[in-house]
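All remarks here apply to the structure that follows.
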Amino acid sequence: MSEQSSHQRIILIDGHAMAFRAFFALPPESFKNGQGQATNSVYGFARMVFNVIKNEQPTHIAVAFDLAGGTFRDRIYDQYKGGRDATPEEFKGQVELTQKMLDAFGITWYTVEDYEADDIVATLATTAEKAGVEPLLLTSDRDAIQLVTDRTTLLQPVKGVTELRRMDPSAVQEKYLVPPHLYPDLAALVGESADNLPGVPGVGPKTAAKWIGLYGDLDGILEHSEEIKGKAGQSLRDNLEAVRRNRQLNEAVRDLDLPGDLDTCRLGRGDLVAINSVFDELSFGPTIRRDIPTALLSESSQKEERVIVANPELPVIEPADGELNAVLGEHAAVGAVVQADGTWAEGQADLRALVLSSDTASIVLQPNELGGDDRAALERWLRNSVIPKRAFSTKLTGHLLSGADLQVRGWEFDLALAEFLCRPDQRPTDEAGLAMRHLQEDIAQAADSGAQQSLDLDGVDSQALVRRASAVRRMVPMLRAELEERGALGLLRDLELPLAVILREMESVGIAVDREKLDELDAEHERQQAQVAEEAFSHIGGEQINLGSPKQLQSVLFDRLNMPPTRKTKTGYSTDAESLNTLFAQTQHPFLEALLKHRDVTKLRQIIETLRKAVTPEGRIHTTFSQNAAATGRLASSAPNLQNIPARSEAGRQIRSAFRASDGFASLMTADYSQIEMRIMAHLSEDEGLISAFRSGEDLHSFVASQVFGVEADEVDTAMRSKTKAVSYGLAYGLSAFGLGRQLGIPQSEATALRDQYFERFGGVRDYLRESVEEARERGYTETILGRRRYLPDLTSDRRQARDNAERVALNSPIQGSAADIIKLAMLRVREGLEQADLRSRLLLQVHDELVLDVAEGEEEQVMQVVKDGMEGAYELSVPLDVSVGTGRTWLEAAH
DNA sequence: CAATTGACGTA
DNA sequence: CGTACGTCAATTGA
């Protein structure tokens, strides 16, 4: 690490001045925590800290605050800093929060009774200079200008708190017309309105600077005040006392007695657990959560690390080499790099470099360039399941290594998953996305900077890779501690981590697709789309509007055809399917029918098109499963999403016939849980009625309906059944009587009655729902059967809307989340069962309550057994888990 | 050109 | 004014 010298640098921040600026830089109404406390200033402060650390790479940092109550300056001049506007209501409390946040950051802050923040800054700057540490002052207070020297630089905020101007002695001279040490002299003459210090009337910076030029300094001017001619001279003589007072007040105190020494201010004492808990309290979002640790735990605050670059000629992973063996053998993190955009080019991503990082050194290597012995050593190391491996994303890293024909065993920690288990509502920790963004930045950066001081690995900055890998390594213990605190370590180790391996395989295998079938479907829908569009145009006078434009539709429907207004949206009236149906019921206008049909066909065609584009040359589609996208713990599928392939409409379902068993396999198998969420509801609520409904083995909704309506099972008609079904599922979603009524097209009063009737028979459900929300409110989180938590601070919000929403989430999360837990367990069991029985059949997809598999010739019976057992026995509820299985040539045929 | 919005597919 | 997602096209805004 050649560029890093032993140069030390301290950032000194005037806390009050900057907190106040931050307050005005960001709108308080957009930054509120769960208690309604404004946090905009705190947020701005955090961003400022991040920026300044990132840009200046300091080794030390400290913040100084004023104390309430006066200082010695007030005793000298009772109008000092008078006449200021009252502190804005929303600023109150934010300084204390900022201080609390700084504690979590491990940043030392000071207050000194009777003195101002500026005096603290002056003292620290003086001390630092003496110790050979370069001070950088971050304050908007002009009193700090006097502190600038050739070793001390002032960072003056220009706009907000992140846009800073560097003020060194020559910059001060240029802007203020005097050198820094004379600025207080000038300010004494000119006055300082911020401190309510009036200067000499008629004397501005130019005159003051001229005088200083003539007489050397303020003392010289005062000595020769009688000689100064003109109006300004007289004005000076009339205000000598004020000038002397100003000068006395604006002199910074440089010799305060502060606790600790410079080392107290050293950067790198942050505590991730504390940081996150304080961010929770502040309701801060994902960006700052990601940024702050990188700054506070950055390389500059750590001891230097040796970097070993392994090239073909360097035999660095030979186990005989004691030191390097230790590097690889001990707790290493693994980092990896991919070349392009991570899409499935020929089914494989392209690994360009791999970083192995330990506490003592990092090794950068290019696995594909490695010589035979080294390559073999690397393979052995990666395959050894006893050696724990960690990565930011084990799934992504696994893909990359697999692309280089390297197999990994012994994954022990995954930062992205750990982070997700701690903060499931924090959205953008999409592992691939985040890693990719970083990598692309690296690549772009490497391309930009022609001069490379670090080794260039095909345009990838090896230093950046090392920084990332060691960041991962250092973050692991912190996240682990946090997981432990939240009781989620087992969830990571026993569920998510092994699942990541399975998902990697599923993504890598992909699912076979019948391309001709897709082409066929596409052609058919294209034809239909054109036909229906013509039909639609014919009903509005032949005008060829864009049927996909809500805006154009609005003008046709509501302006030209004068149809009654529908539900309001941000941009006008809604034209969604429900609104159009309502309009059709009112107007019988044939255009609406054609439009709805056109929507249908267009949607299907889009889906088909998306799928067609996703088919690889090998005739397969590889989705990506995210383990950290859905806050309930469900998986999400993307690029393309294979969890929303049409199933409800007949036309849509045909798309499923394009998914087929792979070559060399006999059939596709689908296996799904029936009513898993209602079963979980029965389990969690311990409602006897619901439990016996499941144990009876009869149709659930009919059984429940017969209870609710008090009729025999064979007297339940379809209307009763569907109403009951709507109530059942509505309950799990926190549905209101209003919503239920709308859904069923019955008056709200009737919906209320229906729900009451339901609760009369299933009182346990009502009690459970009520109690579970209350418990969540007290604890601050909901929990699934496996202890997966979801934190819901809004349950105690005083904003109705936010609270109601959180309550619905609290009702649903344990149910949806427990279902997700169960099918994840099932996937581990199925995968294990297939391996144990030495079967070739393989998992392909998971669709929340359904698994899809490739079944090899002759394995159908065995696979069915493994899958059924694996799923049904995944978790023991107080009701049985029922799984139905189907097989067929295509996904459509396999459905049941 | 990137971000947002409306609409709609799934469980 | 029912939970959880991802994707598309049109639109908006920098």
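The analysis underlying the following values was restricted to heavy atoms, covering all of them including side chains, and did not include hydrogens, waters or symmetry mates.
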Name the nucleic acid region contacted by A:Ala631, choosing base, sugar-phosphate or nothing; use a 4.0 angstrom heavy-atom cut-off, strictly under.
sugar-phosphate

Nearest whole Å is fine: how far is C:dC5 C1' from A:Glu677 CD?
13 Å

Between A:Ser626 and C:dC5, is there a contact of a side-chain N or O with OP1 or OP2 at under 4.0 Å?
no

For A:Ala820, answer base if it contacts any base atom (sugar-phosphate contacts may also be present), sugar-phosphate if it contacts only those atoms, and nothing otherwise; contact means non-hydrogen atoms under 4.0 Å.
nothing

Checking all strands, does A:Ser637 fall into the base, sugar-phosphate, or nothing category for heavy-atom contacts under 4.0 angstrom?
sugar-phosphate

Rounded distance (Å) that lies between atom P of B:dA7 and atom CG of A:Leu583
12 Å

Take atom CG of A:Asp600 and atom C1' of C:dC8, then tell me their distance rounded to the nearest Å.
15 Å

Take atom CG of A:Leu595 and atom C1' of B:dA7, then tell me their distance rounded to the nearest Å.
12 Å

Considering every strand and a 4.0 Å limit on heavy-atom distances, what is the contact class for A:Ser813: base, sugar-phosphate, or nothing?
nothing

Given C:dC5, C:dA9, C:dT7, which nucleotide is nearest the side-chain atoms of A:Ala639?
C:dT7

Nearest-Å distance for atom pair CD1/C1', residues A:Ile607 and B:dA7:
12 Å

Among residues 564-574 of chain A, which ones have heavy-atom contacts with DNA chain C below 4.0 Å?
none

Would you say the side-chain atoms of A:Ser637 and A:Thr623 include a donor-acceptor pair closer than 3.5 Å?
yes

Is any side-chain N of the basic residue among A:Arg679 and A:Glu872 closer than 4.0 Å to the acidic one's carboxylate O?
no

Assign A:Arg790 to base, sugar-phosphate, or nothing according to its heavy-atom contacts below 4.0 angstrom with the strands shown.
sugar-phosphate

Over all strands shown, is A:Gly730 touching base, sugar-phosphate only, or nothing at heavy-atom distances under 4.0 angstrom?
base

Of the candidates C:dA4, C:dG2, C:dC8, the side chain of A:Leu735 sits closest to C:dG2

Pairing of A:Arg504 and A:Glu507 as salt bridge, 4.0 angstrom limit
no

Hey, is the side chain of A:Arg599 poking within less than 4.0 Å of OP1 or OP2 on B:dG9, counting only N and O atoms?
no

Quick test of your reading of the model: are A:Arg423 and A:Glu419 salt-bridged, counting only N-O distances below 4.0 Å?
yes

From C-beta outward on A:Tyr733, which listed nucleotide comes closest to its side chain: C:dA10, C:dG2, B:dA7?
C:dG2

If you check the A:Ser736 side chain, which of C:dA9, C:dA10, C:dG2 turns out closest?
C:dG2

Rounding to an integer number of Å, can you tell me how far A:Ile608 CD1 sits from C:dA9 P?
14 Å

Side chain of A:Ala630 only, please: which of C:dC5, B:dA11, C:dG2 is the nearest?
C:dC5

Is there a donor-acceptor contact under 3.5 Å from the side chain of A:Gln643 to the main chain of A:Gln846?
yes

Considering only NZ, NE, NH1 and NH2 on the basic side and carboxylate oxygens on the acidic side, decide whether A:Asp798 and A:Arg803 come within less than 4.0 Å.
no

Determine the interatomic distance between P on C:dC1 and the same-named atom on B:dT5; round to the nearest Å.
16 Å

Per atom distances to the A:Ala629 side chain, the nearest of C:dC1, C:dG6, B:dA7 is C:dG6

With the side chain of A:Val809 defined as its heavy atoms from C-beta on, choose the nearest nucleotide among C:dA4, C:dG6, B:dT10.
C:dA4

Need one value for A:Ile645: base, sugar-phosphate or nothing, where a base atom within 4.0 Å counts as base even if backbone is also close, heavy atoms only.
sugar-phosphate

Could you tell me whether A:Arg799 atom CZ has more than 12 heavy atoms of other residues or ligands within 6.0 Å of it?
no

Does the side chain of A:Asn805 get closer than 4.0 angstrom to OP1 or OP2 of C:dT3 through an N or O atom?
yes

Salt bridge (Lys or Arg N to Asp or Glu O under 4.0 Å) test vs A:Asp522 passes for just one of A:Arg612, A:Lys613, A:Arg515, A:Lys517, namely A:Arg612

Please work out if A:Asn546 contacts a base, only the sugar-phosphate, or nothing of the nucleic acid, heavy-atom cut-off 4.0 Å.
sugar-phosphate

What is the distance, to the nearest angstrom, from the CD atom on A:Gln643 to the C1' atom on C:dT3?
15 Å

Is there a Watson-Crick or G-U wobble partner for C:dA14 with both distances under 3.5 Å, and which nucleotide is it?
none

From the list C:dG2, B:dT10, C:dT7, which nucleotide is the closest neighbour of the side chain of A:Asn644?
B:dT10

Of C:dT7, B:dA11, C:dT3, the nucleotide closest to the side chain of A:His848 is B:dA11

So, is the end of the A:Arg486 side chain (NZ or CZ) under 6.0 Å from the ring centre of A:Tyr791 and within 45° of the ring's axis?
yes

Mind checking if A:Gln816 touches a base, just sugar-phosphate, or nothing, with heavy atoms under 4.0 Å?
base

At 4.0 Å (heavy atoms only), tell me whether A:Arg634 reaches a base, stays on the sugar-phosphate, or touches nothing.
base

From B:dA11, C:dT3, C:dG2, pick the nucleotide closest to the side chain of A:Gln743?
C:dG2

A:Tyr573, OH atom: more than 12 neighbouring heavy atoms under 6.0 Å
no

Give the rounded distance in Å between these two atoms: CD1 of A:Ile655 and P of C:dT7.
15 Å

On DNA chain C, compare the nucleotides closest to A:Tyr729 and A:Gln552; which residue's is nearer the 5' end?
A:Tyr729

